Amino acid sequence: MQALVGEAYDLAGLGERYRAFLRRWDRADPAPEAPDDLARSLMLLTGWLQIIRTDPRLPLRYLPDDWPAEKAQRVCHTLHERFAPEAGRIVTGLLDTVPEESSAER
């Protein structure tokens, strides 16, 4: 089964995408170039979705012992929760500035 999985999936490439995600996000000050936590949250989730959309979600018994997906998932969830309060405040502020459409305009 290991040989079949190795032939069917690019586990080395997928594992490297998870490791690149961890190099970028598993740090004290991730994405310092972003202007705020809303931007960080969008960058984080975009990167995460790009990876998991290509992950076949194979059982762990078919993956290398040092498979980085579980740690990357923890980092993603932790940072998303960390960024959520400020990101939410920014979104609320932006939505409060959008004028409501009157019924006459519809």
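Please read these numbers as outputs of a predicted model, since none were measured by experiment.
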Between Pro68 and Phe21, is any pair of side-chain heavy atoms under 4.5 Å apart? no
Do Tyr62 and Leu4 have side chains that get closer than 4.5 Å, going by heavy atoms? no
Cys76 vs Leu45 side-chain heavy atoms within contact, under 4.5 Å: yes
Between atom OG of Ser41 and atom CZ of Arg82, what is the distance when rounded to the nearest 0.5 Å? 11.5 Å
Hey, what do you get for CD1 (Ile51) to OG1 (Thr46), rounding to the nearest 0.5 Å? 11.5 Å
Where do Thr54 and Arg17 come nearest, in terms of heavy atoms and distance? OG1-NH2, 3.3 Å
Tell me, with the steps shown, if Glu86 and Arg89 meet salt bridge (Lys or Arg N to Asp or Glu O under 4.0 Å). CA-CA 5 Å; Glu86 181 186 344; Arg89 283 191 293 278; 5.5 Å; no
Side chains of Leu38 and Leu94: does their closest heavy-atom pair fall under 4.5 Å? yes
For Thr78 and Phe83, run side chain to side chain contact (heavy atoms under 4.5 Å, CB included): C-alpha distance rounded to whole Å, both residues' side-chain angles, the deciding distance at 0.1 Å, then the answer. CA-CA 9 Å; Thr78 299; Phe83 300 151; over 6 Å; no
Is Glu70 paired with Arg57 through a side-chain N to carboxylate O contact shorter than 4.0 Å? no
Between CG of Leu44 and CH2 of Trp25, what distance do you get to the nearest 0.5 Å? 5.0 Å
Is the number of heavy atoms from other residues, nucleotides or ligands under 6.0 Å of Arg53 CZ greater than 12? no
Distance from Tyr18 atom OH to Gln73 atom CD, nearest 0.5 Å? 8.0 Å
Tell me whether Leu42 is reachable from Ile90 by hopping between hydrophobic residues (I, L, V, M, F, W, Y) whose side-chain heavy atoms are closer than 4.5 Å. yes
Note, Val5 side chain near Leu63 side chain (heavy atom, < 4.5 Å): no
Could you walk me through whether Glu33 and Arg40 satisfy the salt bridge (Lys or Arg N to Asp or Glu O under 4.0 Å) test, starting with their C-alpha distance in whole Å, then the side-chain angles of each, then the deciding distance to 0.1 Å, before giving a yes or no? CA-CA 9 Å; Glu33 73 280 7; Arg40 281 182 199 85; over 6 Å; no
Are side-chain heavy atoms of Leu14 and Trp67 found at a separation under 4.5 Å? yes
Would you say that more than 12 heavy atoms from the other residues, nucleotides or ligands in this model lie under 6.0 Å from the CG of Asp29, or not? yes
At what distance, to the nearest 0.5 angstrom, does CH2 of Trp48 lie from CG of Asp55? 8.0 Å
Hey, what do you get for NE2 (His80) to CG (Asp37), rounding to the nearest 0.5 Å? 11.5 Å
Mind listing the closest non-hydrogen atom pair of Ala34 and Met43 along with its distance? CB-SD, 3.9 Å
